[in-house]
Structure formats: C-alpha cells, structure tokens
Amino acid sequence: DQQVKQNSPSLSVQEGRISILNCDYTNSMFDYFLWYKKYPAEGPTFLISISSIKDKNEDGRFTVFLNKSAKHLSLHIVPSQPGDSAVYFCAASEAGTASKLTFGTGTRLQVTL
Amino acid sequence: GAVVSQHPSRVICKSGTSVKIECRSLDFQATTMFWYRQFPKQSLMLMATSNEGSKATYEQGVEKDKFLINHASLTLSTLTVTSAHPEDSSFYICSASQDRFNQPQHFGDGTRLSIL
C-alpha cells in the first residue's frame, strides 16, 4: 500500500522556467511533509519541509504548497537550473519528533538548456 | 546544517561474510536514527528505527537476526548485515534528526553493498 505517491516518474523543464513536482498521500495522520533531492549513489539531501498547520513554505527558489483537503503537496522550483536535475522524493511523517518517514516513489527532473 | 556521516561508502565481499555499516551524526545528538534500503530505480524503504540505549524497531518483513542494529551512543548507530548473500546486495542509507519537534531527517551518503 503506497501511502505517498508521486505519479510522474519524470519531468523535463527548460532552464529558467518553473518546475512543479507533485505528491499525493492517503494517510490523514501525516502532519509533516518534506522534499528531498537525490543524486545516484548518494543519500537524499533535504530541501524544504512544511507542517500541516501551514499551506505554504518558501525558501529561496523552492516553495512547497500543501492542500490538506486534497491530500496533495507540490514543490515549485523557480527559476529552474541545470543543477536541479536529480530525483526528487516527497516524504511524510505522522508525528513531529524523530518520526519515521514514508517516501514517495520519486520524480526524475531534467532541466534542459 | 546537520551532517550525517556513513561509512563505508562501498563494500564488495563474498557470500557468507558479515558486513558492518556505521552511521554518525557529526554535529548533533540523535536519540533516534533510521536505516533505509533502496533497490535500483525504487524508493527508499525503511528497514528499522534505531533507538539509543534500547532495541531497534524493525519494519514488517525485515529480519532482525539478519540486520543487527546497535545504537550505542547518541551519535553512532551501526547496521550489521550478517551472513550476507547476493540478494542482500543493495544501497543502504541511514538518517538522523535532531531531537526537537519537526526537525528534518538528514541522510548519510549511503553504502553500496555488493555480495558476490
């Protein structure tokens, strides 16, 4: 049972444009959501997070939006840069302190020149 | 930012060998650390939660006698793959977060384990 889903396995965006990565979840107990970026043969790198009390969190070029009623979150990257090309995972946890993460299946982002 | 160090980065060994992987939080204390496994082109699957000073909590389907976890201090957890076989070949990654509310988990760089 995949509780966190990323329905787009891949996405290609031109440099300078906006990248939008989507994530859906089914567990209504999730209250903390994170996005990670991952290169092959490396561990995931934390990008940005959002708690369920918010609907938006912004950090530089990265913005995460949370729609609790739709159980949907998205990551916006603007402007996209070639160095953003990687696999992006969304993840969710149920409680705040050191709780285990449930990962989505990942979306491979390719930013083209 | 928080740094998690994982060692070794790559191991190649013969079937039947036991392999130990270390995970250290370098600049913070972590009561809880996590061990994940990733198969090619798949997501990260949580194997177990490592608790400092107590037994690890294993996810369903993960053999605790096969994957021994020791969390001896607030900065070190180890995963030992005992009597490894080719089907244990995978990418193993650990993570840790600071013991405060809603802190993100930070990941090590992973260990590529190849059993011949």
Side-chain angles (χ1 to χ4, degrees), chain A residues 1-10 21 23-25 27 30-54 57 59-60 62 64 66 75 86-108, chain B residues 1-7 9-10 21 23 25 28-52 56-60 71 74 77 90-114:
Chain A
D1 177 31
Q2 190 72 31
Q3 297 187 63
V4 180
K5 299 178 183 179
Q6 293 174 255
N7 291 320
S8 298
S10 64
L21 297 99
C23 180
D24 297 293
Y25 61 96
N27 186 344
F30 287 147
D31 65 357
Y32 184 53
F33 304 89
L34 310 91
W35 283 94
Y36 286 88
K37 174 181 179 180
K38 187 179 183 302
Y39 295 112
E42 293 184 11
T45 300
F46 169 71
L47 284 176
I48 193 168
S49 65
I50 188 167
S51 75
S52 59
I53 61 173
K54 294 185 175 182
N57 189 25
D59 184 1
F62 302 94
V64 56
L66 175 63
L75 174 68
V87 178
Y88 288 78
F89 289 95
C90 68
S93 67
E94 287 191 20
T97 304
S99 292
K100 64 181 186 181
L101 295 178
T102 301
F103 279 85
T105 47
T107 297
R108 180 176 300 278
Chain B
V3 178
V4 175
S5 174
Q6 189 173 339
H7 178 81
S9 58
R10 184 173 181 92
I21 303 169
C23 181
S25 56
F28 65 97
Q29 292 184 333
T31 305
T32 306
M33 292 185 176
F34 301 89
W35 288 95
Y36 295 82
R37 183 173 180 177
Q38 185 185 28
F39 291 103
K41 298 185 179 181
Q42 293 190 25
S43 186
L44 283 77
M45 300 299 296
L46 179 67
M47 297 175 64
T49 302
S50 173
N51 305 299
E52 189 268 336
T57 306
Y58 290 83
E59 295 299 300
Q60 192 173 12
H71 195 150
L74 287 171
S77 174
S90 191
F91 190 57
Y92 294 87
I93 316 173
C94 70
S95 73
S97 64
Q98 298 183 53
D99 292 336
R100 297 202 303 266
F101 188 76
N102 272 354
Q103 289 297 304
Q105 287 183 29
H106 295 275
F107 287 79
D109 278 339
T111 298
R112 170 70 60 192
L113 177 61
S114 300

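By convention in this document, chain letters (A, B, ...) are assigned in the order of the sequence lines, proteins followed by strands, and residues within each chain are numbered from 1.
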Open item on the list: If you count heavy-atom pairs within less than 4.5 Å of chain B, which of A:S49, A:S51, A:G106, A:G104 leads?
Closed with: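 The candidate making the most pairs under 4.5 Å is A:G104.
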
Task: For chain B, the option from A:T45, A:T105, A:L101 that forms the most heavy-atom pairs under 4.5 Å - done: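 So the answer, after comparing A:T45, A:T105, A:L101, is A:L101.
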
Task: Full working for side chain to side chain contact (heavy atoms under 4.5 Å, CB included) between A:F30 and A:Q3 - done: CA-CA 10 Å; A:F30 287 147; A:Q3 297 187 63; 3.8 Å; yes

Taking all non-hydrogen atoms of both residues into account, name the closest pair between [X] and [Y] and its distance.
X      : Y     : result
B:M33  : B:L74 : CE-O, 4.4 Å
A:F103 : B:S43 : CB-OG, 3.3 Å
A:L75  : A:Y88 : CD2-CD2, 3.9 Å

TODO: Can you tell which part of B:Q6 gets under 4.5 Å to a heavy atom of chain A, answering side chain, backbone, both or neither?
DONE: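 Contact with chain A is absent: no heavy atom of B:Q6 under 4.5 Å.
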
Open item on the list: Under 4.5 Å from any heavy atom of chain A, what part of B:L46 do you find: side chain, backbone, both or neither?
Closed with: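 Interface part for B:L46: side chain.
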
- [ ] Quick one: sort the B:Y36 and B:F34 rings into parallel, tilted or perpendicular, breaks at 30° and 60°.
- [x]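 B:Y36 vs B:F34 ring planes: tilted.
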
TODO: Would you tell me whether A:S99 and A:S93 have side-chain atoms, one donor and one acceptor, within less than 3.5 Å of each other?
DONE: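 Not at all, the side chains of A:S99 and A:S93 share no donor-acceptor pair under 3.5 Å.
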
- [ ] Give, as side chain, backbone, both or neither, the part of A:Y39 having an atom under 4.5 angstrom from any heavy atom of chain B.
- [x]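 Neither part; nothing is under 4.5 Å.
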
Task: Side chain / backbone / both / neither for A:L34 at chain B, heavy atoms under 4.5 Å - done: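 Side chain of A:L34 only, per the 4.5 Å heavy-atom cut-off to chain B.
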
Task: Residue, of B:Q38, B:M45, B:K41, that accumulates the most heavy atom pairs under 4.5 Å with chain A - done: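 Going by pairs under 4.5 Å, I would pick B:Q38.
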
